[in-house]
Amino acid sequence: MGIIRWGLQAAGSAYTDQPKEVLICQGLSNDILAAPATVKNGRETTVLTDGSVFNVGINQAALLIENGKVHDFVIADTEETTGQYIYDTNAEPSLLNGGSKNWDNVWKMVKDRFTYGGHSPNTCHLIYINLKEIAENPVGAGKVPFIDNYLNTRLLMGVHGYYTFRISNPATFYEKLLMDPSVKYRKNEITEQLRMEMIPKIQAALARIAPLCTNGYQDIYLHDEDLAHALNEALKEEWLESRGIELVKVALTPELNPEDAKRVAQLENAKTLSNVDMAFGSMINAQNEAMQNAAANANGAVNGFMGMGLAGGQGMNAQGLLQAKMAQQVSQPQAKPATTNDTTWICPTCGNQCNGKFCPEDGTPKPTTRFCSNCGKQISPDAKFCPNCGQKQ
């Protein structure tokens, strides 16, 4: 039993009567990954009678199932392979596939199962597999280490976003996950398991794309395809080889905890001011603001300027400061920007800056940063449910 392309090979063949049934596929949406064939008159069936015609649309795979195994198939991943096909019990298995993908592994797997030379006495069933990119799948992880090469520091952050995937080997997908041609298979039956398998791999994938983030952790969202490629390498055995699924894109948004956010702001400011031009501009702005405040001094502008040390030629103007800065750079190496101790934190009760696990002023313990295990959003230490997605913690 096999498949013949209707309209191309049917002419001149043994077909003198009209096909017995015309089967179509309905309902392969973003939420449906597989569905049984439906007779055009509306009656659902998966059993094919000899001479039946079935339609195959773009990004669909039609699988003939015999005794739970894939016996023959049509993969329409190009416009040339879409159209109508005839089921013929006298034809050899054809394994009709498009030319845009490499289906050698599928071919070998199915070819090895032929025991009747294409003339099986058993009943065949028809099921359709969705080959489209499946979108809108949430994923998140908390406390993911990330080496920020721009600031030369290690960050601990949460990430949350969405990923897309597609079924790249429909035969493997059917035999490992479905094994029943009479039921619809929805994406929510597998996406939670996929999400749980992705979470421990995200850290390694982020480490691989860190060198590409030339502007620091903010560049993560620019490398969704690179991140997907890194995750595919890490998930190859669990997804591609075991289920016939591959990751297409991952869009993650990083979120720093308050301690790291403050430290990053300090490091970015220090990095900015290490540039002479930027430092000069910042100094000019500060001096202008100070002069405006002095002019508005209630005791008079002169007193205000004297307080700044600018009256009577005292003090140093912006040009003098810049010359002094340049002379200092010539006479001695430029000092490295100061960094903040990773363990420094601000007491939420008294505002004291602390280094240990408890505040030395009032004994308040160091706050614990928590992230939602489902979406990666930061949550309060005592939260029982995530305020963003509602996941129980």
Side-chain angles (χ1 to χ4, degrees), residues 137-163 193-239 247 249-271 336-346 348 353-357 365-383 386-389 391 393:
N137 309 295
V139 66
K143 296 185 177 180
V144 179
F146 183 80
I147 302 300
D148 191 311
N149 294 310
Y150 176 73
L151 296 175
N152 194 27
T153 189
R154 178 180 181 272
L155 302 175
L156 194 64
M157 61 190 182
V159 291
H160 58 91
Y162 293 87
Y163 69 95
Q193 181 63 31
L194 298 181
R195 186 187 69 84
M196 294 299 295
E197 292 172 355
M198 282 181 62
I199 290 176
K201 309 293 186 181
I202 288 179
Q203 177 179 341
L206 287 175
R208 292 189 62 178
I209 71 166
L212 303 177
C213 299
T214 55
N215 294 315
Y217 74 96
Q218 301 97 325
D219 279 0
I220 289 176
Y221 74 95
L222 297 176
H223 300 281
D224 51 354
E225 293 186 4
D226 297 311
L227 186 59
H229 178 73
L231 280 169
N232 265 326
E233 290 295 319
L235 294 166
K236 185 176 181 180
E237 182 177 354
E238 293 95 329
W239 285 29
L247 203 62
K249 292 182 181 179
V250 182
L252 295 178
T253 300
E255 182 174 343
L256 299 178
N257 61 57
E259 297 175 14
D260 275 351
K262 180 179 179 181
R263 184 161 58 88
V264 164
Q266 293 173 336
L267 290 172
E268 288 180 336
N269 184 60
K271 191 175 184 67
K336 295 182 179 180
T339 57
T340 306
N341 191 335
D342 291 355
T343 60
T344 300
W345 56 280
I346 303 300
Q353 182 171 310
C354 313
N355 291 317
K357 296 183 178 180
K366 181 179 180 181
T368 302
T369 302
R370 294 180 63 201
F371 295 89
C372 174
S373 60
N374 179 54
C375 68
K377 280 283 188 179
Q378 184 173 333
I379 59 177
S380 60
D382 56 349
C386 175
N388 182 54
C389 66
Q391 175 71 27
Q393 303 299 310

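Basis for what follows: all heavy atoms, side chains included, without hydrogens, waters or symmetry-related copies.
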Notebook entry, point to check: Between H160 and V139, is a side chain to side chain contact (heavy atoms under 4.5 Å, CB included) present by the stated rule, with each step listed?
Noted result: CA-CA 6 Å; H160 58 91; V139 66; over 6 Å; no
Check: Looking only at heavy atoms, what is the nearest atom pair of P387 and I379, with distance?
Finding: CD-CG2, 3.6 Å
Check: Can you tell me how far CG of L227 sits from NE2 of H229, rounded to the nearest 0.5 angstrom?
Finding: 11.5 Å
Check: Where do V159 and V144 come nearest, in terms of heavy atoms and distance?
Finding: CG2-CG2, 4.2 Å
Notebook entry, point to check: Is there a donor-acceptor pair under 3.5 Å between the side chain of D148 and the backbone N or O of T153?
Noted result: no
Margin query: Taking D260's backbone N and O only, do any of them form a donor-acceptor pair with N257's side chain (distance below 3.5 Å, no angle check)?
Written below: yes
Name every donor-acceptor pair, under 3.5 Å, that has one atom in a side chain of residues 197-210 and the other anywhere in the protein, sequence neighbours excluded.
{"unit_1": "E197", "atom_1": "OE1", "unit_2": "W239", "atom_2": "NE1", "d": "2.9"}
{"unit_1": "E197", "atom_1": "OE1", "unit_2": "R243", "atom_2": "NH1", "d": "3.0"}
{"unit_1": "E197", "atom_1": "OE2", "unit_2": "Q193", "atom_2": "NE2", "d": "2.9"}
{"unit_1": "E197", "atom_1": "OE2", "unit_2": "R243", "atom_2": "NH2", "d": "2.8"}

Notebook entry, point to check: Distance from I220 atom CD1 to N215 atom CG, nearest 0.5 Å?
Noted result: 12.5 Å
Checklist line | Chi angles and distances behind the side chain to side chain contact (heavy atoms under 4.5 Å, CB included) call for Y163, L194 | finding: CA-CA 10 Å; Y163 69 95; L194 298 181; 3.6 Å; yes
Next item on the list: Identify the heavy atoms of L156 and P145 that sit nearest to each other, and give their distance.
Entry: CD1-N, 3.9 Å
Margin query: Less than 4.5 Å apart, side chain to side chain, heavy atoms only: is that true for D219 and L212?
Written below: no
Next item on the list: Calculate, to the nearest 0.5 Å, the distance between atoms CG and CG belonging to L247 and D224 respectively.
Entry: 10.5 Å
Notebook entry, point to check: How long is the gap from CG on N152 to CD1 on I147, to the nearest 0.5 Å?
Noted result: 9.0 Å
Notebook entry, point to check: Does the side chain of V264 come within less than 4.5 Å of Y217's, by heavy atoms?
Noted result: yes
Check: Is there a side-chain contact between C213 and N149, using heavy atoms and a 4.5 Å cut-off?
Finding: no
